[in-house]
Structure formats: structure tokens, C-alpha cells
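Note: hydrogens, waters and symmetry copies are ignored here, and every other heavy atom, side chains too, is used. Lettering follows sequence order; numbering is per chain, from 1. Not measured: the values here are computed from a predicted model.
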2 protein chains.
Amino acid sequence: MAVAARRERERTARREAILDAAQELIAEQGYHGMRMDGVAETAELSKGTLYLYFENRDALCAAVATRLIDRLLPFIESALEDASTGLDAVQRLLQKYYDFTEENPHHFRFAIEWLGAGERMDDSTEAFQIYRGRVGHMLSLVVASLQRGQTDGSIRADIDPLPQAIQLWTSFLGVVMVGLNKEAMAQRIPVPVDLEQLVPLHLDGVVRALSSGGAS
Amino acid sequence: MAVAARRERERTARREAILDAAQELIAEQGYHGMRMDGVAETAELSKGTLYLYFENRDALCAAVATRLIDRLLPFIESALEDASTGLDAVQRLLQKYYDFTEENPHHFRFAIEWLGAGERMDDSTEAFQIYRGRVGHMLSLVVASLQRGQTDGSIRADIDPLPQAIQLWTSFLGVVMVGLNKEAMAQRIPVPVDLEQLVPLHLDGVVRALSSGGAS
DNA sequence: GTCAGTGACTGACTTGCGGTCAGTTTGAGG
DNA sequence: CCTCAAACTGACCGCAAGTCAGTCACTGAC
């Protein structure tokens, strides 16, 4: 039965084609501008077919986000290898996350939507479980970097890595959220400010807060 | 023409009634659960009437949020008066903001929606200009506290108050965003963690980052 | 007293979009 | 050829925001 194998390949290919279409539209029109009708049109399928591959819109978005994290992870992992200390690793990790986010501004809004959403996003789908796993992996990299820093002495010994990782992650998300909308923010925040320096400023604060030695 | 004055009062009262209805529904069902039909029903008006008082849903939400900030501001301002130093003031300001947010969990999601929203939220309405002004006022309190800290020596002299205030504000928003959804987060974040300590942990980091002296 | 004018209000309707499902097409196996 | 199943289709549904032509109630001029 080589047929079944080919069917499976074709199914995977279709799925990828739908993801490509969705990703393209998200990049063009933003997360909210992406419409299921548009995805169907772009992927040259009917709308109903989309629902044979993804339970609903949120599941499709989760799958797109998962693919993006999978592309980001190698960069982050290599950045961690280049780091001289654990403290340096934390800094590089966050910086890489932000750089990648800046290149894919619309997609990562998904993560923010999810966190900001109280109830409205459907995170019960299988696609979402997978996404959740990737988030966990990202967090574990932060935890590992913190532990590494405690071992090499660059990070204070009295911190608890897991809660601290979550604090780093959530506070950084706020910064990224604003950084994502630099142009819009300029009008949005009712004072003139150079948002370009926001991320370096935040990272500086992170280093000061974590550092075992005196601040530079 | 006492008639015009009475008409004006009645108009204001209607507007307040609509705001009350909207706020009640947001508190009950969350920001996304609030429906214009529901607001009309609760306020004992027809839906069309709502649009005589508010340009659209977003404008109505902005007006609700504005009212809430107006209730929060006195608390924050008295907290600033109680503060012993500028550094202490920053800490108290953020803490009060979080406490109030925790009591009104749904409403402040509006701020997050707005910041996280790339394009979808209509912030061109008059109600939104007013809301924007309140946000600016909040920010100015942070700036003032930072300057106070630099004067009394509790905060490093080399920081630039305005960008730093924005960094403080945005990073804290990320923490609040997660703190708002404590219950949901427990399932959402794929690791077990006590989110209750997230805010204190963050505030500790803020103090370490801003402090002119050594960390405690 | 009455009646035209004005602002407040109404609710049926339109629109946009996520999601559904009964029916059609395709192609492998007999 | 015929049969069966999987893939696919697109007309349709429900929901909620937003619109607008029409009604109502009060006011003040005559």
C-alpha cells in the first residue's frame, strides 16, 4: 500500500500550503486582517477544506505561530552557545527573540493575543497543545540560562530560576508588544519618545536586576 | 432657556447610564463578552440610541476605561504622597496600579488590547483622545516620581526619566497582563508556577535596576 | 389651544465573517 | 466498468456591529 504513504505526503503538503497562505496573509494584513476566505482563495481551495485540516481559525494561527517558533529556536540556541556567561545568555536570548519578532511583526502578536485574551481564544485544540509545548521549551531555555548564570557566578544565587524566568518573559512581552507597534505607538503614546531605545533600556534593567556583581 | 440646560443634564445622565450598563456587562462577561445589544438591553434603550452617544463599540469601551482611570488616579496620587522617596513612589505607584487592576480584571484588559492591537482598534474617536490623555497623565506621574528619586538620591542620576518611565510602564503591562489571568495562566503556561509572586518579583527587579545604592 | 419644528429614540435591516454540511468529484481496487 | 472512500466544494447559517428611515414627545411661536 504505497498509496497510503503518498496520501499522507499529499495531506502534509496541503497542510503546509494552507499554512503558507495564512502566513502570507498575516504578514500582509496583520493577524486580524487575515480572513479564512482569503486563506482559502490564496491556497486555491474552498473554505470548507481549511476546516478539514484545522479545527478553526485559532488552531490555524497557532500552527503558523508554532512554525515560526521552530524557525526561531535554532537562532536562539546558537546565540546561547555563543554566550560567555549565563547572564550574557539571558540577554542574547531576549535580544534574539526581539529581533526575530521585529522581522515578523504580525505573527508574534498571536502570542500576545493569547496571553491578553481572557477567554476568547480557543486554546483547546491539538494545534494549540503543540504551540503550548513550544512556549514551554522557550521558557526552559530561560530557566537553563539563569541556572547557568548561577553556576558561573554571573547571576545572583538567591533567585529562583523558574519564577524569575516567567517574570523575565512576561515583562519582556510587554516591551515587545509596544516595540512591535513602534510606528503606531508614536501616535498612541501621548508623549514623544524614541521607542528604538526601549529594548536596550529594558535589557539594561534586566542585567542590573539579575547581576550578582555591582552594576556597570 | 433653562430647557437647554436640563436637556444637557439629561443627556449626560443617559451617557452615564450607558457607561454603567457597559461597565456592568464588562465586569460580568469580560471585555469580549460585552455586546452592544446587551448594553442596550441593560440600559433599557434601543441599540441605535447607543450610537447617538458613542461613535462605536471601541469608543464606548474607551469611555468606560477613562472613568476607571479617573477613579484610580486619586489612590495613586495619595500613594505618591505617602512615599518616603522617589524610588518608593515608583514602587507604590506600580503596586497600586496592579491592586486596582486586580479588582477590575476585565476592564484593564482594554489597555492591553489597545496596546497589543496593531490596527483593529479604532482610536480615532473623541472618547479615545480623552482616554489617551489619561494615559499620558499616568505616565507623567511615573516621570515625576523618577525625577523625584533623582533629586532625593534614591534613583540613579544617569537615567533619562521619560524613556525609563515608558520602559517601566510597558514591562509592567506585560506582568499585569499575565497577572490578570492568573487562573487561566495556570493552565496556559506549560509549567507549574506561583503567579502570586510575579508582581513582587518584578517590583524587586525594578528597584534593583533603578536604585542608586547597592541592592538590598 | 394647536401645530410645526426639533431632538431623542426605535428596531428592522445590512454587512462581514467564522463555521457547517449535504452533495460532488476523484481515483484506487476489484 | 462499478463501488467505495477520501478529498473537496460552495451555498448556507448564526452572530454581532453598525445604519437609517420612521416615530414619538416635548417646546415655543402664533
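- A donor-acceptor pair is defined here as one N or O able to donate and one able to accept, closer than 3.5 Å; such a pair exists between the side chain of A:D58 and the backbone of A:D122.
- Around atom CD of B:E16, more than 12 heavy atoms belonging to other residues, nucleotides or ligands sit under 6.0 Å away.
- Crowding of A:E77 atom CD: a count of heavy atoms from other residues, nucleotides or ligands under 6.0 Å exceeding 12.
- Looking at residues two or more places apart in sequence or on another chain, you find no ring pair (Phe, Tyr, Trp, His ring centres under 6.0 Å) involving A:Y51.
- Contacts of A:Y98 classified as ring pair (Phe, Tyr, Trp, His ring centres under 6.0 Å), with partners at least two apart in sequence or in another chain: none.
- Looking at A:D160 and A:Q164, their side chains never bring a donor and an acceptor atom within 3.5 Å of each other.
- Counting only distance, with no hydrogens or angles, the side chain of A:R134 and the backbone of A:L73 share no donor-acceptor pair below 3.5 Å.
- For the pair B:R57 (side chain) and B:M34 (backbone), a donor-acceptor distance under 3.5 Å is present.
- Annotation: proximity of residues 19-28 of chain B to DNA chain C (heavy atom, distance under 4.0 Å) is found for no residue.
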* Base, backbone or nothing for each nucleotide of nucleotides 8-23 of chain C, written B, S, -, heavy atoms under 4.0 angstrom, 5' to 3'? -> SBBB-----SBBBB--
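- Helical stems in DNA chain C, defined as runs of 3 or more consecutive Watson-Crick or G-U wobble pairs with donor-acceptor distances under 3.5 Å: C:1-30 with D:1-30.
- Qualifying ring pair (Phe, Tyr, Trp, His ring centres under 6.0 Å) partners for B:F54, counting only residues two or more places apart in sequence or in other chains: none.
- Distance, B:Y31 OH to D:dA16 P: 15 Å, rounded to whole Å.
- Looking only at side-chain heavy atoms (C-beta outward), A:W169 and A:V135 come within less than 4.5 Å of each other.
- Note: CZ (A:F54) to C1' (D:dA7) measures 16 Å, nearest angstrom.
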